[in-house]
Undergrad: 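Could you have a look at this structure, given as structure tokens, before my questions?
Values below: all heavy atoms of this structure, side chains included; hydrogens, waters and symmetry mates excluded. Sequence lines set the chain letters: A, B, ... in the order given, protein chains first and strands last, and positions in each chain run from 1.
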2 protein chains.
Amino acid sequence: MVEAATGETLEAENRVYARIFDGVMDRRLTPGTKLPERELCELFSASRSLVRRVLQRLAHDHIVDLRPNRGAIVATPTPEETRQIFEARRAIEGALVRLAAQHATEADIADLRQQLHDEHEAMHGSDQPAWARLASTFHLRVARLARNDILETYLKEIVSRCSLIVALYEPRGNAACEHDEHASIVSCLEEGNGAEAARLMEAHLVELEKHICLRQLDARPSLKERLGL
Amino acid sequence: MVEAATGETLEAENRVYARIFDGVMDRRLTPGTKLPERELCELFSASRSLVRRVLQRLAHDHIVDLRPNRGAIVATPTPEETRQIFEARRAIEGALVRLAAQHATEADIADLRQQLHDEHEAMHGSDQPAWARLASTFHLRVARLARNDILETYLKEIVSRCSLIVALYEPRGNAACEHDEHASIVSCLEEGNGAEAARLMEAHLVELEKHICLRQLDARPSLKERLGL
DNA sequence: CTACACAAGATCGTCAACAATCTGGCATAG
DNA sequence: CTATGCCAGATTGTTGACGATCTTGTGTAG
């Protein structure tokens, strides 16, 4: 087939977007990585206009930086942006867990427990990329329970930006979430205690930011550090 | 000049975006309005590719709906979307006023008081479009004081969607905010009382939603009502 | 040896023509 | 008279080529 319906290209577009998005979430695409149109076209066997649209979407979601006439690179959040991102995340994810506590069914809780189990195994199995990915997945799963697509979409965008931050300021990538804190949050959700769940979540996020801010003091994003000078 | 730097077109793109955006905020572009590419090109003396980019951005911000092969129309939020939008708005704007209370300077408060004065005049001057616009402006001004671009951007998007909702479910457009409630919020901000400011803001938004939900019962967006049947 | 200027290569941005799809009206059969 | 099928006009989606801009390597003057 040369080209089918318009729906096909939409699907292809989402596929390319998801591929790059996942690359960022898995920290295989690190901040500053160049994303030349030509190369993306060849890799995905896609037309330039499609690749271009995807890059614009990614730029709109603050995942890539589109520099005029200089191509697209994976975004590198500044320290100030980092501060704002975590502040926004606490607000939005706090609201999400409150809502999740209202709507969560027993089946939902069971799914989360299964998720926690997978997390635990990945952590002990020393499969660190998988662990990091599962840790983000947990947050997104909880968000889905809130039954609010808008806040959920916002959180997804923010979590992806957090992935960039971790890649920048936490080279070993060991800033993943603590398993126990996740477990406590699930317990609160089970009891329908939204207020406490939100409190735990916000504390959990403060811990995560502290982990990163500590490194931020010495690990500047500039290239001096990256060359060991 | 035929064509200048790339920055010029960027500027033109933002200009077209802003024009359509303002049209929605002022309720001159109502939900369902068709936005044909050809016509936009002529109106703004812009190329088709530029218009196309703008429409994609507007679609990403949920201001227009992009139907494949059928063109772009101004978005028409469903009742369920309306529920989610107000829920999200309470969460985000609540967080924003809390932050605004922390950062607001005396000059900021003075600016807000000026804003309140303009609101009051527009209300009495029976210049309703101006009033509705100023009411939204107040919320965005408060958001700016929070010093968090991410949450501010999210609120801007949500407020624009609220404008669509009002246009849909409040034909006369008289669902604007109460002046007094705005004034109370400013007072709390002046005292640095973020918790109370957030409480007032959330109550204010609940009132606004109630105003709309009441109409939602009889005024369905479907065409039966619009034909008087 | 250093610094500046220049030019070739590569990449991005734009435009215009072509192809695919949808809408609305008309003809025709029942 | 109603319903169905079809065709023309209009609109959108895509592609390919052209022009503009930036990067980088090289050469030359100081």
Undergrad: Output the rounded distance in Å from CG (B/Leu10) to P (C/dC12).
TA: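 These atoms are roughly 16 Å apart.
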
Undergrad: Which residues pass the salt bridge (charged side-chain N to carboxylate O under 4.0 Å, His left out) test with A/Glu42, sequence neighbours left out?
TA: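 Not a single residue meets the salt bridge (charged side-chain N to carboxylate O under 4.0 Å, His left out) criterion with A/Glu42.
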
Undergrad: Mark yes or no: A/Arg57 above the aromatic ring of A/Tyr17, with NZ or CZ under 6.0 Å from the six-membered ring centre and no more than 45 degrees from the axis.
TA: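 Yes.
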
Undergrad: Whole angstroms only, please: what is the CZ-P distance between B/Arg38 and D/dA10?
TA: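 From B/Arg38 CZ to D/dA10 P: 10 Å.
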
Undergrad: For A/Arg133, give me all partners under salt bridge (charged side-chain N to carboxylate O under 4.0 Å, His left out), at least two apart in sequence or on another chain.
TA: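 Expected list: A/Asp22, A/Asp26.
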
Undergrad: What residues in residues 48-64 of chain B put a non-hydrogen atom under 4.0 Å from any atom of DNA chain D?
TA: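 Those residues whose heavy atoms fall under 4.0 Å from DNA chain D, taken from residues 48-64 of chain B in numerical order, are B/Arg48, B/Arg52.
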
Undergrad: Please report the distance, rounded to the nearest Å, between CD in B/Glu37 and P in C/dT21.
TA: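 The distance from CD of B/Glu37 to P of C/dT21 comes to 17 Å, rounded to the nearest Å.
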
Undergrad: Check this one for me: any side-chain N or O of B/Thr9 less than 4.0 Å away from OP1 or OP2 of C/dG13?
TA: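 Answer no for this pair, as no side-chain N or O of B/Thr9 is under 4.0 Å from OP1 or OP2.
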
Undergrad: With sequence neighbours left out, what residues match A/Ser47 under side chain to side chain donor-acceptor pair (under 3.5 Å)?
TA: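 Scan of A/Ser47 (side chain to side chain donor-acceptor pair (under 3.5 Å), adjacent residues dropped) gives A/Ser49.
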
Undergrad: Test of understanding: with ring-ring contact (aromatic ring centres under 6.0 Å, His included), list the residues that count as partners of B/Phe138, not counting sequence neighbours.
TA: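 Here the qualifying residues are B/His182.
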
Undergrad: Output all residues satisfying salt bridge (charged side-chain N to carboxylate O under 4.0 Å, His left out) with B/Arg83, sequence neighbours left out; order by chain, then residue number.
TA: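 For B/Arg83 the salt bridge (charged side-chain N to carboxylate O under 4.0 Å, His left out) partners, ignoring immediate neighbours, are B/Glu80, B/Glu87.
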
Undergrad: Going by salt bridge (charged side-chain N to carboxylate O under 4.0 Å, His left out), name the residues that satisfy it together with A/Asp108, two or more places apart in sequence or in a different chain.
TA: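 For A/Asp108 the salt bridge (charged side-chain N to carboxylate O under 4.0 Å, His left out) partners, ignoring immediate neighbours, are A/Arg147.
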
Undergrad: Who are the ring-ring contact (aromatic ring centres under 6.0 Å, His included) partners of B/His60, not counting sequence neighbours?
TA: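 Scan of B/His60 (ring-ring contact (aromatic ring centres under 6.0 Å, His included), adjacent residues dropped) gives A/His60.
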
Undergrad: Could you list the protein-to-nucleotides 23-25 of chain C atom pairs, N/O on both sides, closer than 3.5 Å?
TA:
from	atom 1	to	atom 2	distance (Å)
C/dT23	OP1	B/Arg70	NE	2.6
C/dT23	OP1	B/Arg70	NH2	3.0

Undergrad: Rounded to whole Å, please give me the gap between CD in B/Glu39 and C1' in D/dT11.
TA: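 Rounded to the whole Å, the gap is 12 Å.
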
Undergrad: Give the rounded distance in Å between these two atoms: CG of A/Leu40 and P of C/dC12.
TA: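 After rounding, the reported distance stands at 9 Å.
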
Undergrad: Counting only side-chain heavy atoms from C-beta out, which of D/dT15, C/dT21, C/dG13 sits nearest to B/Asn69?
TA: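 So the nucleotide nearest the side chain must be C/dT21.
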
